[in-house]
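Here the structure is laid out as structure tokens; the discussion comes afterwards.
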Amino acid sequence: KLITREQATGYKDSSSQNGFEDFINNWCDKLFTNNMEQLKSILDDIKVTAKGYGTAKYEIRERKVSEIGRMLLSMRDLVANQNEKSHALKDIDIHKQRGLEYKQEGNLASAILEFEKVLDLRHDDSFALSHLSHIYFIQGKLEESKHLIDQVLKNEPSNIYANSIKGEIFILEGNFASASEIFDAIINIDPNNTYAYGRLGMIYR
């Protein structure tokens, strides 16, 4: 609104009581204190651009206002992108919770759909990948299960849940040597992991 008024009045110093530059400085400071630290660099650039407006010639004022307008558009896009990311994160949490609830209820088909929705929003989400892998393991789809769990372990080699699934796959395949290595590794990560001790005991038996 301020820039539009400046343009309408020929960039005269009449858009605010204390002048264009003071208004811009106060406005930027107000935004910065309202939990908008991510915009600090743009706000600082706007303040620098507004500096000297009151004593500048017509062409310089016009250029300053145009540049501030461009920076405001950049700031608008930045805020819009952050809002989209925030909504996406909320959606991810909702789909994770639903997927876990469906899985616990034994409704595996619906659980798969929810975890796949998570991966549509964040393709490398270890939580969704691990639970999908476990579901495929339960269903006897070992190749699909291995493919997903290997993706998790590639990024998070110390992920205990993912390692446990990989160990169970090895046991089902009869590959007890590899399974024991997995559960030994889990104990190295978590020395009090009773589940890993139990599986090792079963393997040795």
Side-chain angles (χ1 to χ4, degrees), residues 32 34-42 75 77-205:
F32 180 60
N34 285 340
N35 299 318
M36 299 185 75
E37 291 191 21
Q38 68 276 17
L39 304 177
K40 185 178 185 304
S41 61
I42 298 178
M75 190 166 67
D77 293 341
L78 178 62
V79 171
N81 289 336
Q82 288 174 339
N83 288 337
E84 287 178 9
K85 288 179 181 177
S86 176
H87 289 311
L89 288 174
K90 289 180 182 177
D91 290 341
I92 286 172
D93 288 339
I94 291 170
H95 292 309
K96 282 183 181 180
Q97 184 62 35
R98 287 177 182 168
L100 197 56
E101 289 172 358
Y102 283 133
K103 184 184 173 188
Q104 290 168 345
E105 293 168 1
N107 186 351
L108 300 183
S110 296
I112 288 171
L113 289 175
E114 292 298 331
F115 290 130
E116 285 179 343
K117 288 176 182 176
V118 173
L119 296 178
D120 286 340
L121 295 169
R122 188 161 60 198
H123 72 281
D124 60 348
D125 188 277
S126 60
F127 182 92
L129 287 169
S130 296
H131 281 282
L132 267 179
S133 174
H134 189 226
I135 290 171
Y136 289 140
F137 172 79
I138 293 169
Q139 294 177 332
K141 300 176 181 177
L142 297 189
E143 288 304 316
E144 292 93 330
S145 181
K146 278 195 287 188
H147 174 70
L148 294 176
I149 214 62
D150 285 342
Q151 290 183 51
V152 179
L153 292 172
K154 181 179 179 181
N155 297 323
E156 300 178 21
S158 298
N159 186 311
I160 290 177
Y161 182 55
N163 274 293
S164 297
I165 295 170
K166 188 67 178 283
E168 293 295 342
I169 292 171
F170 282 137
I171 289 174
L172 201 61
E173 291 177 334
N175 187 348
F176 296 114
S178 295
S180 65
E181 289 177 5
I182 290 283
F183 290 111
D184 274 330
I186 290 174
I187 290 171
N188 286 332
I189 298 167
D190 178 14
N192 298 315
N193 193 297
T194 54
Y195 174 80
Y197 283 112
R199 300 314 277 164
L200 275 174
M202 184 277 296
I203 289 168
Y204 293 144
R205 185 186 65 190

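Computed over heavy atoms, backbone and side chain alike; hydrogens, waters and symmetry mates excluded.
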Could you pull out the closest heavy-atom pair between Phe115 and Leu100, with the gap in Å?
CZ-N, 3.6 Å

Separation between CZ of Arg122 and NE2 of His95, rounded to the nearest 0.5 Å:
12.0 Å

For the residue pair Tyr195 and Ile160, establish whether any side-chain heavy-atom pair is separated by less than 4.5 Å.
no

Return the minimal non-hydrogen interatomic distance between Val118 and Ala128, and the atom names on each side.
CG1-CB, 3.7 Å

Is there a donor-acceptor pair under 3.5 Å between the side chain of Asn163 and the backbone N or O of Pro157?
yes

What one should report as the nearest heavy-atom pair of Leu153 and Ala162 is CD2-CB, 3.7 Å

Kindly determine whether Glu143 and His147 satisfy side-chain hydrogen bond (donor to acceptor under 3.5 Å, both in side chains), including the steps that lead there.
CA-CA 6 Å; Glu143 288 304 316; His147 174 70; over 6 Å; no

Glu168 and Arg199: CA distance, side-chain angles, deciding distance, salt bridge (charged side-chain N to carboxylate O under 4.0 Å, His left out) verdict
CA-CA 9 Å; Glu168 293 295 342; Arg199 300 314 277 164; 2.8 Å; yes

Closest approach of Ser130 to Ile165 (non-hydrogen atoms, all atoms of both residues)
O-CD1, 3.4 Å

Ring-plane angle category for Phe127 and His131, please: parallel below 30°, perpendicular beyond 60°, tilted otherwise.
tilted

Could you check if a side-chain atom of Asp150 sits within less than 4.5 angstrom of a side-chain atom of Lys166, using non-hydrogen atoms only?
yes

Taking all non-hydrogen atoms of both residues, which atom of Ile203 and which atom of Phe183 are closest, and how far apart?
CD1-CD1, 3.9 Å

Polar side-chain atom of Tyr197 near backbone of Asn192 as donor-acceptor pair, under 3.5 Å
no

Shortest non-hydrogen pair, Gly99 vs Ala111, comes out as O-CB, 3.5 Å

